[in-house]
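A quick write-up on the structure given underneath.
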Amino acid sequence: MGNSMTEQTQTPETQSAPSSQEDKPDIIRVEQMHKWYGDFHVLKDLNLTVKQGERIVICGPSGSGKSTFIRCINRLEEHQQGKIIVDDVELTDDVRHIDTVRREVGMVFQHFNLFPHLTVLENCCLSPIWVRKIPRKEAEATAMEYLERVKIPDQANKYPGQLSGGQQQRVAIARALCMKPKIMLFDEPTSALDPEMIKEVLDVMIELAGSGMTMLCVTHEMGFAKTVADRVIFMDGGEIVEEAPPHEFFSHPKEPRTQKFLQQILQH
Amino acid sequence: MAESTMKPPKKAFHPIAWMREHLFSTWYNSLLTVLVGYLLVTSVGPLVSWVFLDANFRGSEPSDCTGAGACWLFVSQRLNFFIYGFYPDELQWRVDVMFILLAVAFVPQFIERFPGRKWLGLFGITGLPVIGYFLIPGGLFGLETVESTKWGGLMLTLILAYIGILASLPIGILLALGRRSDMPIIRGLCVVFIEVWRAVPLITVLFMASVMLPLFLPEGMNFEKLLRALIGITLWQSAYMAEVIRGGLQAIPRGQYEAADALGLGYWKKMGLIILPQALKLVIPGIVNTFIALFKDTTLVLIIGLFDVLGTVQSTVTDPAWQNVAVEGYVFVAFCFWVFCFGISRYSQNLERKLDTGHKT
Ligand SMILES: Nc1ncnc2c1ncn2[C@@H]1O[C@H](COP(=O)(O)OP(=O)(O)OP(=O)(O)O)[C@@H](O)[C@H]1O
Ligand SMILES: [Mg+2]
């Protein structure tokens with residue numbers, strides 16, 4: 001539905017961003033990863049390598065395991081077989097490894113998940129102060145910088161409940177960025193938003209993509225995918241079915257399942 | 001997002017219009033208003049004359065109670081016993097100091113703009129108990145020792161309730177967290193603790209603490225009855241508190257836990273900074289309910305021979321010198337309890353209003 005809308009969000013500098021990351025180091029490696037919920041095999045033999053600064057869009061039908069997959073990358077979900085290595089740290093049961101990875105990986109949720117009892121500024125400063133042990137003054141200054149970047153510095157002292165959905169999601173992005181992460185995960189960041197708010201959030205994400213952040217983004221905003229993605233990954237039934245640069249993915253999908261999915265989503 | 005200079009229209013207050021709208025809007029509303037008005041006039045009138053107008057305030061002997069109303073002389077003559085129990089007269093200043101500190105710490109909590117009231121409140125839950133711990137029993141710093149068997153009256157009620165409330169909240173929080181823990185041993189222990197204590201009536205707990213416990217303890221390790229009762233009350237109360245708090249924890253959406261995890265907050269920071277502040281706020285009414293119930297349940301210590309305010313009154317209303325003063329005595333007790341319980345309730349309402357940041361997740 002947001003297809004036509006996001007077409008207009010293209011900005012010249014991100015469109016022309018060179019996608020030559022060949023020389024960059026790998027920052028995420030997923031090898032033969034499997035996950036089960038009880039007896040249900042949700043993720044089947046996933047393999048993915050992400051280079052630093054790469055922007056990846058993951059799409060696929062509902063229930064195909066997209067959320068589960070990116071939630072494995074910061075260990076909100078546990079995988080049972082295979083390897084996940086993030087920034088040279090392998091995710092195992094070791095709590096120290098998990099903490100290290102979570103410090104480097106920011107996440108934005110579909111339903112924002114801001115802390116309602118804290119102000120916008122406190123939401124943003126909490127983790128830098130308590131996890132990174134940054135002095136409060138400094139953390140607040142950084143938070144204001146990021147709030148400015150997502151264009152809501154004037155809301156800093158309000159509570160999340162007093163903001164619109166689009167504003168809340170931008171705070172959530174700023175909150176994740178305040179930890180200065182190397183990787184950002186987005187799980188359908190715009191799908192809980194009204195159409196007129198989608199653009200303001202996508203604009204922020206496009207700006208972020210232009211700054212060289214490594215991004216993994218589950219979304220159905222195909223305009224966004226065409227604009228910023230280096231690769232589009234299509235998942236179905238817990239498997240990665242197809243993986244290609246956006247122009248190839250949208251114009252010459254190879255797999256029949258991808259073709260069917262694209263037909264359905266582009267019909268609107 | 002431009003600031004508008006328009007103000008919302010003010011609503012004027014007209015008594016007649018207000019009454020028409022709220023008291024006489026329909027025929028059944030009018031009927032109800034008249035009925036309630038009649039009941040108020042017929043019942044409040046006699047009550048006021050019994051308590052105030054026809055009551056006896058002057059004199060010192062039972063024979064001075066000549067009026068038709070309440071004989072408050074009984075209460076005022078025995079007030080010392082009702083408040084301090086058997087605490088020696090010349091040492092009662094120590095208890096008075098505690099009463100004053102209690103008032104200094106908590107009365108400002110009702111005054112919105114009182115300077116430094118947060119610090120006074122903090123003192124109330126940290127410094128105050130420490131001072132009380134040294135001052136009331138004595139024995140150190142040249143203070144004469146007063147055996148806990150001599151404590152009684154309102155002072156004892158407050159000690160039991162205050163320590164019970166203060167200790168049961170943190171223990172309850174830990175039990176609630178333990179019951180939701182991923183670690184099976186911790187979870188199991190908490191479940192057993194909560195279910196055992198919650199299933200036993202407080203009377204039984206007190207009885208066990210005072211009669212049975214000494215039988216099991218090794219010789220020479222016997223500690224005071226009051227302390228045993230306090231431990232019993234606290235543990236019993238913690239089990240209830242844990243369940244109230246668990247209700248709050250369960251109401252916090254999973255997304256809050258996940259967001260905290262994703263930001264790298266460890267277990268204790270996640271709970272202390274994100275989950276508990278929200279969960280406790282949600283269950284303030286339940287927590288306060290438990291506090292008030294505990295406050296009143298302290299009267300049960302009578303069963304093990306401790307004289308709280310109800311106990312002291314009950315033991316004197318049968319004094320043959322005073323005839324028919326039971327009602328006055330019990331009204332006095334009821335009033336004491338009402339003052340404190342209503343205070344707790346009002347404070348919690350203030351707190352709820354202040355903590356409401358106008359949001360839903
Ligand atoms: N906690 C869970 N326990 C059991 N099954 C689950 C759990 N969470 C998800 N699933 C199942 O795993 C599958 C993948 O779920 P997931 O949320 O990853 O899908 P998705 O691709 O993100 O879908 P959507 O587009 O609707 O968000 C679904 O079939 C879902 O029913
Ligand atoms: Mg999903």
Side-chain angles (χ1 to χ4, degrees), chain A residues 67 70-71 73-77 95-96 98-120 122-132 151-152 154-155 157-164 167-168 172 175-179 181 183-185 187 192, chain B residues 1-4 8 118 173 177 180-186 245 247-287 348 350-361:
Chain A
S67 299
I70 71 162
R71 288 156 59 88
I73 291 169
N74 65 351
R75 195 70 170 193
L76 287 185
E77 303 286 352
V95 183
R96 279 165 308 171
I98 298 174
D99 285 344
T100 316
V101 167
R102 283 179 178 165
R103 241 170 277 166
E104 303 307 331
V105 180
M107 182 153 197
V108 176
F109 300 85
Q110 182 174 3
H111 296 287
F112 330 135
N113 296 352
L114 294 177
F115 305 130
H117 62 302
L118 301 176
T119 63
V120 165
E122 288 166 340
N123 262 280
C124 293
C125 293
L126 187 85
S127 201
I129 291 173
W130 288 91
V131 178
R132 287 227 191 266
K151 303 187 182 65
I152 34 174
D154 46 332
Q155 313 285 348
N157 293 313
K158 287 196 181 167
Y159 286 95
Q162 298 166 309
L163 304 185
S164 74
Q167 290 173 325
Q168 290 192 43
R175 177 176 74 178
L177 291 176
C178 282
M179 282 294 278
I183 301 164
M184 284 285 284
L185 308 175
D187 189 1
Chain B
M1 240 172 282
E3 291 290 323
S4 159
K118 228 195 212 159
I173 289 175
L177 291 178
R180 286 171 58 83
S181 160
D182 293 332
M183 286 174 271
I185 295 181
I186 293 192
I245 292 167
L249 290 175
Q250 273 169 350
I252 304 300
R254 217 172 64 139
Q256 294 288 308
Y257 290 86
E258 290 178 349
D261 283 339
L263 284 169
L265 296 167
Y267 178 82
W268 291 108
K269 284 175 194 158
K270 171 170 69 175
M271 289 302 167
L273 297 168
I274 308 298
I275 307 299
L276 280 172
Q278 296 183 61
L280 291 178
K281 192 176 82 185
L282 272 179
V283 293
I284 287 176
I287 291 177
S348 82
N350 283 352
L351 198 63
E352 267 181 75
R353 215 170 324 121
K354 215 182 76 192
L355 293 180
D356 182 19
T357 49
H359 57 257
K360 294 272 167 284
T361 20

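Quick note on labels: first sequence line is chain A, next is B, and so on, each numbered from 1. None of the values given here were measured: they were computed from a predicted structure.
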Checklist entry - If you round to the nearest 0.5 Å, how far is CG of B/Leu265 from CG of A/Leu126? => result 5.5 Å

Item to check | Reported NE2-to-CD1 distance for the pair A/His117 and B/Ile274, which is rounded to 0.5 angstrom | outcome: 4.5 Å

Checklist entry - Distance from A/Phe109 atom CZ to B/Gln256 atom CD, nearest 0.5 Å? => result 10.0 Å

Next on the checklist: Contact between B/Tyr267 and A/Val95 at the side-chain level, heavy atoms closer than 4.5 Å - yes or no?
Outcome noted: no

Next on the checklist: Please report the interatomic distance CZ(A/Arg175) to CG(B/Leu263), rounded to the nearest 0.5 Å.
Outcome noted: 5.0 Å

Checklist entry - When rounded to the nearest 0.5 angstrom, what distance separates CG in A/Leu76 from CZ in B/Arg254? => result 9.0 Å

Next on the checklist: Return the CG to CE distance between B/Asp261 and A/Met107, rounded to the nearest 0.5 Å.
Outcome noted: 11.0 Å

Checklist outcome for this item: Minimal heavy-atom distance between A/Asn113 and B/Ala259, with the atoms involved, is O-CB, 3.5 Å

Checklist entry - Taking all non-hydrogen atoms of both residues, which atom of A/Arg102 and which atom of B/Gly264 are closest, and how far apart? => result CB-CA, 4.0 Å

